[in-house]
Amino acid sequence: AAVLAWLAHGVWVRTDEMIVEGISRLTPADIRNAATLGFGIKLLAVITRDFRRDELSVRVHPTLLPAGNVIANVGGVFNAISVTGDVVGTTLYSGRGAGQDATASAVISDIADAVALIKHGKGAHFIGEGVPTPRKEKRLAPPEHIRSRYYVRLTVKDQPGVLARVASVMAKHHVSIASVIQNPSDRIGAASLVLTTHESDERAIGATLKHLAGLSSVLEPPVLLRIGDFND
């Protein structure tokens with residue numbers, strides 16, 4: 001993600017300045033729930049530039065993508081990059097990310113970048129022939145400007161009134177529920193509560209999850225996934 005942000009915007013973003021989440025808490029149940037909701041799950045790097053505010057956000061996390069989305073169907077050794085521009089719209093670039101030829105190509109590219117770095121210095125952004133452009137000033141989007149829809153999975157006590165308490169907490173933080181799925185949990189005496197939200201932001205959803213985790217009826221830390229509505 002840092003390399004792509006550098007290539008696209010000439011800005012180097014450290015990992016501690018990104019939203020970075022892995023797949024360690026994903027379960028087969030999440031994959032089944034996503035399919036029920038019409039989504040697949042992919043680990044994505046998402047780089048967004050708000051030109052009106054001149055802010056950049058960089059995040060790496062598992063993302064729910066509509067089943068018909070082209071990136072959702074990229075598999076095997078293939079990688080893909082989707083780019084959306086004001087004039088050109090959305091374009092997709094896909095190719096092998098592993099294997100003998102793909103690895104050789106990547107190594108040659110790294111050598112070329114190393115030569116450019118030695119020749120022009122680490123403050124330069126070099127693209128092919130010509131004069132390297134200077135590094136841009138970094139202005140990262142605050143959490144309240146990073147917006148998304150969300151998938152939240154809770155393991156809760158299997159008793160009346162739990163959903164009402166969860167809904168009350170979400171309403172307090174102005175996070176609106178779009179759908180609810182309730183299934184039995186692998187844990188005895190517990191249920192799995194899956195909610196999707198309407199569009200909210202990282203600050204609001206973070207405060208919501210912190211509040212939910214403190215409820216006595218919530219038995220495990222909530223699982224959060226973003227929903228990628230990139231064509232909206």
Side-chain angles (χ1 to χ4, degrees), residues 1-9 13-50 56-85 88-99 101-103 105-106 109 140-141 143 145-154 175 178-181 183 192-202 205-206 209 221-232:
V3 173
L4 290 174
W6 173 264
L7 292 173
H9 301 287
V13 181
R14 301 191 314 269
T15 54
D16 62 356
E17 296 173 314
M18 308 176 191
I19 296 171
V20 180
E21 297 177 5
I23 62 173
S24 60
R25 298 200 62 208
L26 281 180
T27 68
D30 292 312
I31 296 172
R32 291 193 298 270
N33 291 330
T36 298
L37 294 164
F39 295 101
I41 301 178
K42 289 289 183 182
L43 182 63
L44 298 185
V46 181
I47 302 164
T48 305
R49 179 77 175 270
D50 185 332
L56 186 71
S57 68
V58 182
R59 41 202 172 103
V60 180
H61 49 65
T63 307
L64 272 68
L65 294 172
N69 184 284
V70 176
I71 294 225
N73 293 289
V74 174
V77 300
F78 284 85
N79 293 332
I81 299 176
S82 178
V83 180
T84 301
V88 72
T90 300
T91 57
L92 183 80
Y93 308 88
S94 179
R96 295 180 183 273
D101 292 339
T103 302
S105 176
S109 176
L140 300 178
H145 291 172
I146 304 174
R147 302 187 63 81
S148 179
R149 294 172 58 212
Y150 298 93
Y151 164 108
V152 179
R153 176 168 57 80
L154 302 170
V175 177
S179 68
V180 178
I181 299 175
N183 293 314
S192 176
L193 196 60
V194 173
L195 308 110
T196 64
T197 76
H198 293 291
E199 188 178 82
S200 184
D201 64 74
E202 291 292 322
I205 199 68
L209 294 193
V223 172
L224 176 71
L225 300 175
R226 281 85 179 169
I227 298 175
D229 296 323
F230 301 123
N231 294 325
D232 289 354

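Everything numeric in this text was worked out from a predicted model, so none of it was measured.
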Checklist outcome for this item: When Leu193, Thr196, Val194 are each screened for side chain to side chain contact (heavy atoms under 4.5 Å, CB included) with Val180, the one that passes is Leu193

Checklist entry - Which distance, rounded to the nearest 0.5 Å, do you find between the CD of Glu17 and the CG of Leu140? => result 5.0 Å

Next on the checklist: For a side-chain contact (heavy atoms from CB on, under 4.5 Å) check, start with the C-alpha distance between Leu26 and Ile31, then their side-chain angles and the critical distance, and finish with the verdict.
Outcome noted: CA-CA 8 Å; Leu26 281 180; Ile31 296 172; over 6 Å; no

Checklist entry - Is a side-chain N or O of Arg25 found less than 3.5 angstrom from the main chain of Pro221, in a donor-acceptor match? => result yes

Checklist outcome for this item: Output for pair (Ser148 OG, His198 NE2), nearest 0.5 Å, gives 13.5 Å

Checklist entry - Mind checking whether His145 and Asp50 have side chains closer than 4.5 Å, heavy atoms only? => result no

Checklist entry - Judged by atom type as modelled, is there a donor-acceptor pair below 3.5 Å linking the side chain of Thr84 to the main-chain atoms of Ser82? => result no

Next on the checklist: Whether Glu21 and Arg226 form a salt bridge (side-chain N of Lys/Arg under 4.0 Å from carboxylate O of Asp/Glu) is what I want to check.
Outcome noted: yes

Checklist outcome for this item: On a heavy-atom basis, the closest approach of Gly22 and Pro62 is O-CG, 3.2 Å

Item to check | Pairwise distance CG(Asn69) to CZ(Phe39) - rounded to 0.5 angstrom | outcome: 10.5 Å

Checklist outcome for this item: For Thr15 and Val20, the nearest pair of non-hydrogen atoms, with its separation, is O-CG2, 3.8 Å

Item to check | For Thr27, all residues meeting side chain to side chain contact (heavy atoms under 4.5 Å, CB included), sequence neighbours excluded | outcome: Ala29, Asp30, Arg153

Next on the checklist: Distance check, rounded to the nearest 0.5 Å: Arg149 atom CZ versus Asp229 atom CG?
Outcome noted: 4.5 Å

Checklist entry - Would you say Asn73's side chain and Ala67's backbone share a donor-acceptor pair under 3.5 angstrom? => result yes

Checklist entry - Going from NZ on Lys42 to CD1 on Ile23, what distance comes out if it is rounded to the nearest 0.5 angstrom? => result 11.0 Å

Checklist entry - Should Leu37 and Ile181 be marked as a side-chain contact (heavy atoms from CB on, under 4.5 Å) after you check the CA-CA gap, both sets of side-chain angles, and the distance that decides it? => result CA-CA 9 Å; Leu37 294 164; Ile181 299 175; 3.9 Å; yes

Next on the checklist: Any side-chain to backbone donor/acceptor pair from Ser192 onto Asn183? Under 3.5 Å, distance only.
Outcome noted: no

Checklist entry - Under 6.0 Å from the CG atom of Leu92, do we count more than 12 heavy atoms belonging to anything else shown? => result yes

Item to check | Backbone of Tyr150 reached by a side-chain donor or acceptor of Thr197 within 3.5 Å | outcome: yes

Checklist entry - Considering the options Ile47, Thr48, Ile146, which one meets the side chain to side chain contact (heavy atoms under 4.5 Å, CB included) requirement together with Val58? => result Ile47

Item to check | Closest contact, heavy atoms only, Leu65 versus Gly228 | outcome: CD2-O, 3.8 Å

Checklist entry - So, does Ser94 use its side chain to make a donor-acceptor pair with the main chain of Asn79 at under 3.5 Å? => result yes

Checklist entry - Nearest 0.5 Å, what's the CZ-OG distance between Arg147 and Ser200? => result 6.0 Å

